[in-house]
Structures are given as C-alpha cells and as structure tokens.
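Notes for the one structure printed next.
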Amino acid sequence: MSQNVTHTENTIIDARMAVAAELLANPDFSGTKSDIAEKAGVTPRTLYRWLRNPDFVALVNSLVSQYADAELAMVWKALCRKIQDGDMQAIRLYFELRERGIQQKAESEQQPEKQTSRLYDTLGGNDGTDYETFTETETGDEMGTHADVSG
C-alpha cells in the first residue's frame, strides 16, 4: 500500500498528515480534533504529536493562509458596505489598514537603501568615498585591464 508522500527538510508529510492539516485549516469543517484524527486514520494522540511538529504546523499555517487569501475579496466588500452604511468602526478600521499599508510600502521601498548603506559601511564607505560615482575607467585603472593581465 503506497501513500502520497511530500518530503520536507527533516520530516515526511504523508497523506494522513495532509488530510489532518486540510481539516484543521478548513473554515467550513466544524468537527473536533478527535473527528479530524478519525478522518485522517490516526489516533488523537498521534494528531496531538503532529501539532508539535514544526513542519506539520507550517503546512497547516500555509493552508490557513490560502483560505484567508481566498476570502479576502468578500471581506473587503463587506467592509466597504459597512463604510457606506456609515459604520464608524468600519471607517476607522479602513483608515488604520490604509495607514499600515502605506507604512509597509515605505519600509519596503527603503529596504534596498538600508542594504546599500550597510554594504557601503562594510566596504569602508565612512571614508567619504562615493561608490556610485566611480566610472568604468577609474575601476579599470584600479583593478587592471584585460590587456594588463594578459600582457
């Protein structure tokens, strides 16, 4: 009897684990953990052991994210309806989320600048050297040209 198997770094996720993870993540499933264990073909003790396994938990979390992403459009529409009805909590939530999104965008745009700054510091950028203004000639003269190397 062969089972579907997915290999991760240190753990094998078998078909029974996949079934249990799907049931744990599925918002439409309303059974207990004992029900999940039964449907997966394992004992509740085994399910609880899996819940301490980082790879199994990562699989469950990944599935939860997929379900959440699938529902995002409906949540957005419901929030917009509440805003149109004048619900102050919904309006407040909208602006909080909007501000958070603006901050995250600004942080992600600054990320390359921070990395470049750290690189300059590592290379000795504190000496006033402007690495961005090096020309090809300057770099070639410093390091030697192809003719210098092969000659």
Rounded distance [0.5 Å steps], CD1 in I91 versus CD in E96:
12.5 Å
Here the pair of heavy atoms bringing Y67 nearest to A25 is CD1-O, 3.6 Å
Report whether L79 and F95 are members of the same hydrophobic cluster (ILVMFWY, side-chain heavy atoms less than 4.5 Å apart, transitive linking).
yes
Min side-chain heavy-atom separation E22-V19 under 4.5 Å
no
Heavy-atom donor-acceptor pair, D85 side chain to D87 backbone, under 3.5 Å:
no
A side-chain contact here means heavy atoms from C-beta on lying under 4.5 Å apart; do L51 and L24 qualify?
yes
When you compare the side chain of M17 with that of D14, does any pair of heavy atoms fall below 4.5 Å?
yes
Any side-chain heavy-atom pair of R49 and R45 under 4.5 Å
no
Report, as yes or no, whether the 6.0 Å neighbourhood of atom CD on Q103 holds more than 12 heavy atoms from other residues, nucleotides or ligands.
yes
With hydrophobic residues grouped by side-chain heavy-atom distances under 4.5 Å, do V75 and I83 end up in a single group?
no
Are side-chain heavy atoms of Y94 and K82 found at a separation under 4.5 Å?
no
Only one of L59, N61, N53 clears side-chain contact (heavy atoms from CB on, under 4.5 Å) with V57; which?
N61
CG of L93 to CZ of R100, rounded to nearest 0.5 Å, is 8.0 Å
Verdict with supporting geometry, W50 and L47, side chain to side chain contact (heavy atoms under 4.5 Å, CB included)
CA-CA 5 Å; W50 289 348; L47 177 62; 4.1 Å; yes
With a 4.5 Å cut-off on side-chain heavy atoms, are F29 and I36 touching?
yes
Return the CD to SG distance between Q84 and C80, rounded to the nearest 0.5 Å.
6.5 Å
Just checking, is any N or O donor in the side chain of S65 or S62 under 3.5 Å from an acceptor N or O on the other one?
no
